[in-house]
Amino acid sequence: MRYTIAHRTRYRYPVPVHESHTIAHLQPRSDLAQYCTRFELSVSPRARLYAYADRYGNDVHHFAVLPEHDTLEVVARSQVVVVRGAAAAPAALPRELIDDDPALDELWDYVHESRYVRFCEELDALLSSIGIPGRGDDAVAWFRTAAQAIHDGFVYESGTTSVHATVEESIALRRGVCQDFAHVLIALCRRAGIPARYVSGYIHSGSGETLGAEASHAWAEAYLGPRGWIGIDPTNDTWIDEQFVRVATGRDYRDVAPVRGVYTGPSSSTMSVDVAVEALSPAQQAHTFAEQQQQ
Amino acid sequence: MLSRVAESLFWTARNVERAEDLARLIDVTATRSVDRAVDADRRWRSAFGVAGIEPPFDRRVDRASAVEHIVFGVETQLSIAACVRIARRNAIGVRAELTTEVWECINGLYLFVEAHSPRAVGPDGASTFLRSIRDTAQAFGGLCDATLAHDDAWEFLRLGRFLERAAMTARVLREIEPDAGPHVWELVLEVCCASGPFARARQQSFEPNEALAFLALSATFPRSLRFCLHEVDHALHRLSGAPVGTFADGAERTSGRIAASLDFAGANDLAREGTANFAARIARSLDDLGSAVTEVYFPRVPVG
Amino acid sequence: MRSILDRYAPAPAYDEFADALGRPRAHYAALAATLDGISWADFRHRVTTVNTVLLQRGVTFTVYADARGTERILPFDLIPRIIAAHDWDRIARGVAQRVRALNAFLLDVYGEGRILRDRVVPRELVFSSPHYEREAIGVRPPRDVYVHVSGIDLIRDADGAFLVLEDNARTPSGISYVLENRDVLKRAFPRLFDGYDPRPVDDYPLRLRDALLAAAPPQVTEPTIALLTPGIHNSAYFEHTLLARRMGVELVEGNDLFVRDNVVYAKTTRGPQRIDVLYRRVDDDFMDPLYFRADSTLGAAGIFNAYRAGNVTLANAIGTGVADDKAVYPYVPAMIRYYLGEEPALQNVPTFDCSDDVQRAHVLARLPELVVKRTTASGGYGMLMGPASTTAERAAFADAIRARPREFIAQPVVTLSAHPTVVEDGLAPRHIDLRPFALLVGDHVDVPPAALTRVALREGSLVVNSSQGGGSKDTWVLAD
């Protein structure tokens with residue numbers, strides 16, 4: 001599948017502010033299953049853009065607007081080819097193969113708490129209702145069961161939580177948005193000793209039923225030993241397939257927030273986000289393919 | 001030097017100058033009002049006007065309310081006590097730029113004012129108290145001149161001191177009613193520390209227009225508008241390095257314009273414009289000058 | 001005449017001044033002779049003189065948080081601590097070695113992580129350290145220097161051997177006392193120097209400046225240094241003003257700085273002034289609200305971007321706190337062997353790591369004999385002195401250790417060496433430590449002979465921290 005994505009973030013300040021410094025995690029990743037063929041970031045007021053690769057391999061952009069301004073608009077346009085194929089469960093995997101994996105030692109961060117992924121009594125209660133995979137148990141099936149438990153037991157409702165809901169709050173309310181569901185699933189994995197990380201990205205809505213398509217999306221990946229990092233979307237209860245575009249990974253939302261920043265001025269501001277993910281038709285795909293061949 | 005340091009020095013000097021001027025204003029107004037009780041209400045109202053502080057609407061405007069609000073007022077940044085606090089707070093941040101003498105002077109002034117209250121000062125002690133403030137504030141200026149190197153830091157102190165002094169003189173003039181008689185002008189001269197110098201300069205009988213011209217246009221009296229503006233102008237040129245007569249930035253253009261308008265004005269021009277109109281115009285220009293200095297030397301937003 | 005030394009009785013510890021027979025050690029002989037010729041009355045007079053000098057200087061030590069602007073000074077003890085040349089050689093060698101190892105460790109844990117993969121230092125300890133700054137992973141500081149300035153705290157055990165008590169690799173303070181103490185003692189009591197020519201301390205600021213210049217980004221030809229202070233309310237503000245003045249660099253606060261195009265500038269009355277090296281006395285967390293604490297105004301937004309881009313040197317670099325984490329301390333000798341292939345010239349105090357099950361059990365069983373320290377605390381706070389503790393205090397610590405073992409280490413009580421110190425009615429032994437400062441200049445470590453001796457003024461106390469009733473002494477390092 002080939003997608004074009006437009007992601008616009010706009011801040012409005014009632015009183016002009018100055019010295020805005022902003023970090024953006026907006027560039028889709030290029031890896032074995034997807035390739036970002038085009039990426040363009042535009043900022044208004046104009047600012048010089050800088051980029052670096054962070055420790056997770058994400059391409060991060062940052063910029064500063066020093067003079068006074070009362071709006072700040074960040075528009076990212078990207079084209080991504082996804083070759084993941086249809087959703088499918090990986091082959092079963094006995095849990096101990098994760099524990100014995102030589103890479104486990106270096107994944108310390110993914111089996112411990114992080115800013116938004118905290119262990120708590122609510123989490124332990126949820127985990128014991130799902131069960132902790134022991135020796136011989138299939139970790140793949142368990143991962144799916146955990147995601148399902150969230151999907152079936154939690155209400156997707158935007159506006160119930162702030163951006164910074166804790167795992168404790170999300171479980172207590174049994175409500176949240178994709179980000180909260182991802183944090184809860186990650187917390188379940190980590191508490192069970194399975195490395196897990198946060199993924200931010202986009203989902204293309206094939207049907208009207210897809211949740212989270214109107215904004216940037218988030219899900220979780222678990223490190224399943226020899227199977228590598230495997231993603232599940234607890235919001236839509238599905239393995240990650242070609243409808244998904246990965247943008248950035250990290251310990252939790254804090255590491256990969258699409259746009260965040262600081263500025264000098266009064267703290268009140270309003271933010272609006274628009275995301276459009278369009279799949280190119282086969283004809284369009286052929287066209288852009290030809291275009292690329294010529295280059 | 002760092003803009004923050006320069007700005008702190010500037011505001012230290014401005015606030016000390018303001019405290020001194022207000023202390024004299026209250027002291028002189030109180031002394032004069034004893035002689036002319038009928039006029040007292042008007043005089044105290046104009047004192048509030050000079051200070052830029054709203055007089056209490058539900059009370060008599062008299063010496064007690066002036067001491068409470070203009071001297072000790074806590075709800076305003078404009079009272080003497082507030083100015084002294086602000087001056088010290090600014091001085092703390094630039095302690096390393098100041099000599100021990102200068103620091104101890106400003107710290108001493110602060111401790112002295114903090115140790116007093118309207119009650120502690122009482123009905124009879126006000127004059128002594130206000131004189132101490134005035135003396136210490138004047139000593140501050142003297143110590144700055146005598147113990148600091150006359151470099152950029154000192155120029156920012158000078159800039160603050162003379163800009164505030166000019167503004168005070170303008171505000172005093174602005175409060176004068178068109179029909180003000182000689183006794184009002186005598187009070188104004190005294191408030192501006194000008195009774196003696198004016199008498200020596202004039203020697204003959206008293207003319208309100210001449211008092212106005214003296215306070216506005218004297219080239220040698222250190223509280224006249226013209227004198228203050230020339231000090232400001234010199235300080236700005238020393239800071240920018242531009243020769244006097246040329247203009248490197250908005251602050252120098254504004255100060256040059258005001259100074260020139262005073263250089264070329266005569267007593268009759270002022271009389272024609274009217275004291276209050278003239279003073280209000282100068283006060284506005286001085287506000288512009290303050291903004292221009294801020295823009296040039298202490299920009300809030302870093303230069304793009 | 002009653003000499004002030006008449007009633008000095010050495011302590012039941014290693015006495016710096018007197019040997020086992022009560023005779024002055026060789027390098028103290030001349031001082032003993034001088035003190036012998038001074039009456040207690042005369043000496044008291046000198047104490048008064050010094051207090052007056054300090055009081056006059058006190059203006060510069062002013063604590064502004066106090067409305068009266070009164071001063072607070074670290075109590076200064078007149079009897080100098082003297083370090084023999086051969087002892088200093090060993091100290092300097094050991095400190096230099098340790099600092100090289102700590103810097104290599106930082107370069108490693110923020111880079112490849114070899115020492116973790118080789119399991120010489122447990123990954124758990126590093127990754128669970130509150131000061132292991134993930135943003136700094138993969139960001140190489142200019143010239144690979146992390147620990148430009150450090151202070152290594154040393155004590156002397158009952159046999160007189162120097163041991164490392166802890167490392168300070170973030171923003172160690174105290175050098176201003178070293179400079180002031182020497183100056184005051186010279187003025188107030190020159191006679192004490194008879195027969196001695198201690199190595200000078202007053203070139204420390206210039207040596208610090210050299211270290212900072214050497215660490216500047218390589219592409220900068222004439223680097224501009226600034227000292228970043230949290231401001232007047234910081235307890236070390238005096239030190240910041242003193243060092244800035246003596247180095248001839250600007251003393252800046254966070255609001256004086258801004259970042260444009262990944263370059264740090266100071267706002268001056270003549271426009272932006274580029275800053276290439278920032279000797280910062282502000283903690284990591286407060287340096288850049290964009291990456292660390294968003295509510296901080298002590299640093300400047302974007303500084304970390306400038307640092308990542310290699311356009312500014314931060315001294316010390318971001319993330320050095322993981323090297324002086326008390327839980328990492330037990331592994332420093334192993335680091336020295338691992339990175340340098342050398343044996344440590346200075347030993348550690350034996351230390352139990354409470355996150356290890358076996359060691360924790362041992363600690364919990366022997367609390368009355370041990371000193372328990374919080375790995376995240378400093379300044380003598382959060383300690384349990386076993387022998388002096390109550391049952392209730394021990395119970396509270398035991399609970400805390402079981403709940404959060406990573407946050408505690410324990411050590412046997414080491415009786416610090418003692419030194420003659422002025423008390424109410426003469427001289428008496430009081431426990432002391434030593435903090436040499438080290439400057440990393442490229443891959444060479446400069447250990448200026450300017451070390452801080454802290455003294456526990458309360459009789460029997462082993463806690464020398466100024467916040468816990470400690471004072472300081474002038475410290476003389478002798479040349480050969």
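Throughout, a chain's letter reflects where its sequence line sits, starting with A, and its residues are numbered from 1. Small disclaimer: the values here were computed from a predicted structure and weren't measured. Only this structure's heavy atoms are used, side chains among them; waters, hydrogens and symmetry mates stay out.
- Considering all non-hydrogen atoms of both residues, A:R254 and C:F292 come closest at NH2-O, 4.1 Å.
- Distance CG/A:D255 to CZ/C:R134: 9.5 Å, rounded to 0.5 Å.
- Between the CG atom in C:N305 and the OH atom in A:Y50 there is a gap of 10.0 Å [rounded to 0.5 Å].
- Shortest non-hydrogen contact noted between A:V262 and C:A301 is CG2-CB, 3.6 Å.
- Expressed to the nearest 0.5 Å, how far CG of A:D109 lies from CD1 of C:I137 amounts to 6.5 Å.
- Heavy atoms from other residues, nucleotides or ligands lying under 6.0 Å from CZ of C:R274 number more than 12.
- Remark: A:R118 CZ is packed, more than 12 non-hydrogen atoms of other residues, nucleotides or ligands lying under 6.0 Å away.
- Under the 4.5 Å side-chain criterion, counting only non-hydrogen atoms from C-beta, C:V139 is not in contact with A:R55.
- Note that CG of C:L290 is 8.5 Å distant from NE2 of A:H62, once rounded to the nearest 0.5 Å.
- Counting non-hydrogen atoms of neighbouring residues, nucleotides and ligands closer than 6.0 angstrom, the CD atom of C:Q219 exceeds 12 such neighbours.
- The number of heavy atoms from other shown groups lying within 6.0 Å of CZ (A:R227) is above 12.
- Counting only heavy atoms from C-beta outward, the side chains of C:V126 and A:W108 never approach each other to under 4.5 Å.
- Using a 4.5 Å cut-off between heavy atoms, C:S128 contacts chain A through both its backbone and its side chain.
- Within the 4.5 angstrom heavy-atom criterion, atoms from both the backbone and the side chain of C:V259 approach chain A.
- The environment of A:Y35 atom OH is sparse: at most 12 non-hydrogen atoms of other residues, nucleotides or ligands sit within 6.0 angstrom.
- Inter-residue side-chain proximity for C:F127 and A:H112 is flagged as unmet; no heavy-atom pair is nearer than 4.5 Å.
- To the nearest 0.5 Å, atoms NE2 (A:H21) and OH (C:Y291) are separated by 10.5 Å.
- Using a distance-only test at 3.5 Å, with no hydrogens or angles considered, no donor-acceptor pair links the side chain of C:R260 to the main chain of A:L66.
- Under a cut-off of 6.0 angstrom, the local environment of CZ in C:R140 is sparse, with at most 12 non-hydrogen atoms contributed by other residues, nucleotides or ligands.
- One distance of note links CD of A:E106 with CZ of C:R123; it measures 4.5 Å at 0.5 Å rounding.
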